[in-house]
Amino acid sequence: VSVDAPDRPALSAEQAAPQQRRAVLARRDRRAAYLFVSPWLVGLLLLTGGPIVASLVLSFTDYDLLSSAQFVGTENYQAIVQDDRALTAMRNTLLLTALHVPVAVLLALGLALLLARATRRTAGVYRTLFYLPSVTPPVAIGVLFLLVLNGQVGLVNRALALVGIDGPEWTTDPAWIVPGLVVMSLWSVGTTTVILYAALLDVPRQLLEAAAVDGAGAWARTRYVTIPMISGALFFSVIVVTIGDLQSFTEAYTMYFGTSSAGGADSALLFVIYLFQQGFQYLHMGYASALAWILFLVIAAITAVQAIVGSRFVHYEGDR
Amino acid sequence: VTDLRAPALATTDLRVSRTDPAPTVVESPPPRRRPRLSVGHVVSGIALAVLAIVFLYPMAWLVLASLKPRPEVFDQALVGSEVRWSNYTDVLSAVPIGLWVINSVIVGVAAALAVTVSSALVAYAFARFDFPGKRVLWVLVLGTMLLPGAVTLVPTYLEWKAVGLVDTQVPLWAGNLFGSAFYVFLLRQFFRTLPRDVFEAARVDGASHWRTFRSIAVPLAWPALVLTFVLELRASWTDLVRPLVFLQNPDLFTLPRGLKAVLDQYGQGGEAEWQLVLAASVIATVPMVVVFLLAQRQFTEGVSTTGGK
């Protein structure tokens, strides 16, 4: 991503004007620029930068909204390390991410490859169909999959029974709840599919044709031409899906938590759900802020590792 | 200067016009049709059809089950013994879901409009001006894009509480008045693809910066602005977190928050009335599906250029 943008409008007609006039114009330009950018400056103060600093400060305090905040040093962070529920939530979140990311990206890649083999018109229709779940509200997805994954009457286990498999109790067996969440998340794989399909359309046909002339079969062309050519998009997808998974909240919260489900099953406890409970149900604002920073550090660390590993495999067209 | 656009459009080589698709999407020429179908193509065609059915089946089941009589909801049969439209009238009378639809529309349109206008202004500043501090601010824009929403959630809640606006709908959209890093990034990239000559011509003709923005940049960037609006409308329509954090009064709920309340009330134990929960789910889902089908070009092309959200 390029961060420089030195394309200031050159006012060629004004260049002959006296220096003084140019200075006035430059000042006007600058004033206009700050006016245009001013909403963002206010937002930076009130909605992003300010809250980031506030969150960091809060994470070293004990604050319950009722009495004023007490500075407690690193106590919150020390408590998190010994908090069984926080550790469970982190473990569930990491398990969900580790199971979901590879399967989702491979499934999306498979769908995108199939789409790329169809004619443009057919692919357009299927692309729409695969993308539909991605415009469905996550709460509705949670409701739907509570039933779809139901051990006795759910569609998933009925489909498994057709091929002779006795499916697990996805929504009640603690060992199967996170895998159930993974199955549910795969339904929304359309977003990644659309990204990878767009990348596939950009693969130069000459390369594939040259490979075919050289005797490469369909598999070899995919493996040694197509995949390297879209490795940038694949890498991007892995990172975006990972970051999304580490922050997942809505579907699992809808299915297993809420007012009447008495705390919910801890085998479905994801990190952001726990953060939400601490902050907005128990009003432990300081503790919730510390949890948020732990999450941020985990996301940053995982993304950094992925970026380092990814840079070895990603082939950028410009490098040639 | 009476009409800025007409002469500008006539004299410059415009790569983008209002009717063109987003120019950021580079599409290769359509693949040449093969004269005969290979076995591989038949197999992949069948695989696509089967997968499409697998993907659509849960959606179809949701709609059909929402029309079944209560005891048949979990039957093997896909279609019930009779079509119970009364499930929908029942849910309308059991919970204020009509009000939630209206709330969702109001909040969604306000959020989308606010973010589109403010992000366009900010993006224009980054794309067309040079000013002290620009580099630092741009790095901050990129930085806030990477920050998890959970980090700012607690302090933002405290701010809205301090100004007495918790348990109103204001926090659900008003933050969008100050631009959003993701859309600023998207629109800035778009503004930069617009030909510079048009802007320079307008300036030479004496148009103010505001006028140049409104009469030239906005019309030319229209596809990107529509994309921004539609993406944010979806984000707002489907969001549960903010309504969950900020709203207590059920009359103020948006659809996702309302649907969660319906699930908590009617999706529990032996007294469950799943047909009502399913009808409410369909009501929460269908409007966005319709918007998607109408604006699917913006959606899918936006996703392929920006990576979704």
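Chain naming here is simple, since letters A, B, ... match the order of the sequence lines and numbering starts at 1 in each.
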Cation-pi check, Lys260(B) to Phe257(A): give yes when NZ or CZ is under 6.0 Å from the six-membered ring centre and within 45° of the ring axis, no otherwise. no
Can you tell me which portion of Leu51(B) sits under 4.5 Å from chain A's heavy atoms? Options are side chain, backbone, both or neither. both
Relative to chain B, which segment of Tyr126(A) carries a heavy atom at a distance below 4.5 Å: side chain, backbone, both, or neither? side chain
Counting only non-hydrogen atoms closer than 4.5 Å, does Leu196(A) touch chain B with its backbone (N, CA, C, O), its side chain (CB onward), both, or neither? neither
What part of Leu35(A) gets within 4.5 angstrom of chain B, counting heavy atoms only: side chain, backbone, both, or neither? neither
Chain B contact via Ile141(A) - side chain, backbone, both or neither, heavy atoms under 4.5 Å: neither
Distance from Leu137(B) atom CG to Leu44(A) atom CG, nearest 0.5 Å? 7.0 Å
Of the non-hydrogen atoms in Leu177(B) and Pro39(A), which two are nearest, and what is the gap between them? O-CB, 3.9 Å
Identify which of Leu295(A), Leu186(A), Val153(A) forms the greatest number of heavy-atom pairs closer than 4.5 Å to chain B. Val153(A)
Less than 4.5 Å apart, side chain to side chain, heavy atoms only: is that true for Pro51(A) and Tyr157(B)? no
Name the member of Pro138(A), Gly279(A), Ala218(A) that forms the most heavy-atom pairs with chain B at distances under 4.5 Å. Pro138(A)
Most contact-rich option vs chain A, by heavy-atom pairs under 4.5 angstrom, among Asp239(B), Leu56(B), Thr285(B), is Thr285(B)
The test is side-chain contact (heavy atoms from CB on, under 4.5 Å); show your working for Leu293(B) and Thr128(A) and say whether it passes. CA-CA 8 Å; Leu293(B) 291 177; Thr128(A) 304; 3.8 Å; yes
Rounded to the nearest 0.5 Å, how far apart are CH2 of Trp187(A) and CE of Met59(B)? 4.0 Å
Interface residue of largest heavy-atom contact number with chain A, from Val245(B), Leu62(B), Val277(B), under 4.5 Å: Val245(B)
Between Phe131(B) and chain A, which part of the residue has a heavy atom less than 4.5 Å away: side chain, backbone, both or neither? both
Looking at every heavy atom in both Pro58(B) and Leu144(A), which two are closest together, and how far apart are they? O-CD1, 3.7 Å
Gap separating the CG atom of Leu263(B) from the CG atom of Leu146(A), nearest 0.5 angstrom: 6.5 Å
Using non-hydrogen atoms and a 4.5 Å limit, figure out which bit of Leu278(B) sits close to chain A: side chain, backbone, both or neither. side chain
Is Val141(B) in contact with chain A via its backbone, its side chain, both, or neither, using a 4.5 Å heavy-atom distance? both
Between Phe178(B) and Gly43(A) the two heavy atoms that sit nearest each other are CB-CA, 3.5 Å
Determine whether the aromatic ring centres of Phe126(B) and Phe36(A) lie less than 6.0 Å apart. no
Which of the residues Gly50(A), Ala33(A), Ala32(A), Ala300(A) is involved in the greatest number of heavy-atom pairs with chain B at under 4.5 angstrom? Ala33(A)
As an exercise, state the distance from CZ of Phe280(A) to CG of Leu244(B), rounded to the nearest 0.5 Å. 9.5 Å
Run Phe292(B) and Tyr131(A) through ring pair (Phe, Tyr, Trp, His ring centres under 6.0 Å) and show every step you take. CA-CA 9 Å; Phe292(B) 164 64; Tyr131(A) 196 72; 5.4 Å; yes
Minimal non-hydrogen separation, His41(B) against Arg117(A), with atom names: CD2-O, 3.4 Å
Would you mind checking if Asp29(A) and Arg128(B) are paired as a salt bridge, meaning a charged N to carboxylate O distance below 4.0 Å? no
Output all residues satisfying side-chain hydrogen bond (donor to acceptor under 3.5 Å, both in side chains) with Trp293(A), sequence neighbours left out; order by chain, then residue number. Ser55(A)
Heavy-atom proximity to chain B below 4.5 Å, by part of Ile299(A): side chain
Between atom NZ of Lys161(B) and atom CE of Met285(A), what is the distance when rounded to the nearest 0.5 Å? 8.0 Å
Tell me, out of Val151(B), Val184(B), Thr152(B), who's got the most heavy-atom pairs with chain A below 4.5 Å. Val151(B)
Apply side-chain contact (heavy atoms from CB on, under 4.5 Å) to residues Gln152(A) and Phe74(B) and explain how you reach the verdict. CA-CA 9 Å; Gln152(A) 270 91 51; Phe74(B) 298 108; over 6 Å; no
Heavy-atom pair with the smallest gap, counting every atom of Leu47(A) and Glu159(B): CD2-OE1, 4.3 Å
Looking only at heavy atoms, which two atoms of Ala284(B) and Pro137(A) are closest? And how far apart? O-CG, 3.5 Å
What I'd like to find out is whether the side chain of Leu147(B) reaches to under 4.5 Å of the side chain of Thr48(A), using heavy atoms alone. no
Please determine, among Ala49(B), Ala280(B), Ala261(B), Pro148(B), the option with the most heavy-atom pairs under 4.5 Å with chain A. Pro148(B)
Chain B contact via Leu65(A) - which portion, at a heavy-atom distance below 4.5 Å: side chain
Please report the C-alpha distance between Val241(B) and Val272(A) in whole Å, then the side-chain angles of each, then the deciding distance to 0.1 Å, and finally whether the side-chain contact (heavy atoms from CB on, under 4.5 Å) criterion is met. CA-CA 10 Å; Val241(B) 177; Val272(A) 177; over 6 Å; no
With a 4.5 Å cut-off on heavy-atom pairs, point out which of Thr250(A), Val143(A), Thr122(A) contacts chain B the most. Val143(A)
Is Thr144(B) close to chain A through its backbone or its side chain, or both, or neither, when contacts mean heavy atoms under 4.5 Å? side chain
What distance separates Asp264(B) CG from Thr254(A) OG1, expressed to the nearest 0.5 Å? 8.5 Å
Contacting region of Phe271(A) [heavy-atom separation from chain B under 4.5 Å]: neither
If I measure from the heavy atoms of chain A, does Ala181(B) come under 4.5 Å with its side chain, its backbone, both, or neither? both
Can you tell me which of Leu132(A), Leu58(A), Thr303(A) forms the most heavy-atom pairs within a distance under 4.5 Å of chain B? Leu132(A)
Please classify the contact between Leu275(A) and chain B as side chain, backbone, both or neither, with a heavy-atom cut-off of under 4.5 Å. side chain
Need one label for Tyr63(A): side chain, backbone, both or neither, based on atoms under 4.5 Å from any heavy atom in chain B. side chain
For side-chain contact (heavy atoms from CB on, under 4.5 Å), just list the numbers for Leu155(A) and Trp61(B), CA-CA rounded to whole Å, side-chain angles, deciding distance to a tenth of an Å, and then say yes or no. CA-CA 9 Å; Leu155(A) 293 177; Trp61(B) 182 85; 4.0 Å; yes
